[in-house]
Colleague: 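Here it is, the structure in full.
Please read all numbers here as calculations on a predicted model, not as lab measurements. Counting from 1, the numbers follow the sequence of the chain as shown.
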Amino acid sequence: MQIPADELKPVLTRLRRAHGHLASVIRMLEDGAECEDALTQLAAVNKALARSGYSLVATGLQHCMREDGPDNVDEQKLERLFLSLA
């Protein structure tokens, strides 16, 4: 399934924010930051990526429900997508 670009904007915004945050974690480590500080920031990046994934699945589900109707949603495929994020 392809999701229209306008529906993906919030997901892409989250991913870009996580990308920038990850770059700052890399800089922290290169500059000799404390491990604890870097790990705290890395945990925030991890959470942002997870939320991006869940947002993408939710956006896709909404799109499918709207376009194809609830009877045409592949429940097994949706379950696999959610579990891939676990």
Side-chain angles (χ1 to χ4, degrees):
M1 138 194 55
Q2 288 191 329
I3 303 170
D6 62 318
E7 293 180 36
L8 283 177
K9 278 187 180 181
V11 176
L12 291 171
T13 299
R14 282 180 184 268
L15 287 171
R16 285 186 184 103
R17 193 173 304 131
H19 183 265
H21 207 147
L22 180 58
S24 70
V25 172
I26 292 169
R27 275 193 305 276
M28 286 174 68
L29 291 172
E30 290 173 342
D31 293 342
E34 294 289 325
C35 273
E36 184 178 352
D37 296 336
L39 285 172
T40 300
Q41 295 304 313
L42 194 56
V45 172
N46 192 33
K47 187 174 182 178
L49 289 173
R51 286 182 175 216
S52 297
Y54 288 122
S55 180
L56 181 58
V57 171
T59 300
L61 177 60
Q62 291 169 355
H63 178 73
C64 283
M65 296 282 282
R66 201 172 40 254
E67 297 296 317
D68 301 330
D71 294 333
N72 293 321
V73 173
D74 184 341
E75 292 179 24
Q76 289 180 340
K77 184 176 182 180
L78 184 61
E79 182 179 355
R80 279 193 312 273
L81 290 170
F82 270 114
L83 290 176
S84 72
L85 298 171

Colleague: Distance from Arg51 atom CZ to Leu56 atom CG, nearest 0.5 Å?
Modeller: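 Going from the CZ atom of Arg51 to the CG atom of Leu56 covers 15.5 Å.
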
Colleague: In Å, rounded to the nearest 0.5 Å, how long is the span from CZ of Arg14 to CZ of Arg17?
Modeller: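 Answer rounded to 0.5 Å: 7.5 Å.
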
Colleague: Would you give the length of the straight line joining atom CG of Leu39 to atom CG of Asn46, rounded to the nearest 0.5 angstrom?
Modeller: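 Atom-to-atom, Leu39:CG and Asn46:CG are 11.5 Å apart.
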
Colleague: Is Leu49 reachable from Met28 through a run of hydrophobic residues whose side-chain heavy atoms are each under 4.5 Å from the next?
Modeller: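 Different clusters.
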
Colleague: Tell me the closest heavy-atom pair linking Thr59 and Val11, and the distance in Å.
Modeller: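 Of all heavy-atom pairs spanning Thr59 and Val11, the closest is OG1-CG2, 4.1 Å.
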
Colleague: Give me the atom names and distance for the closest heavy-atom approach of Leu29 to Ala38.
Modeller: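 Shortest heavy-atom contact: CD2-CB, 3.5 Å.
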
Colleague: State the CG-CD1 distance between Asp31 and Ile26, to the nearest 0.5 angstrom.
Modeller: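 Here the rounded value is 11.5 Å.
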
Colleague: How close do Ala18 and Val45 get, counting heavy atoms only, and between which atoms?
Modeller: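 For Ala18 versus Val45, the nearest heavy atoms are O-CG1, 4.1 Å.
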
Colleague: To the nearest 0.5 Å, how far apart are CD1 in Ile3 and CD in Gln62?
Modeller: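 Here the interatomic distance stands at 9.5 Å.
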
Colleague: If you round to the nearest 0.5 Å, how far is NE2 of His21 from NZ of Lys47?
Modeller: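 One finds 12.0 Å between NZ of Lys47 and NE2 of His21.
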
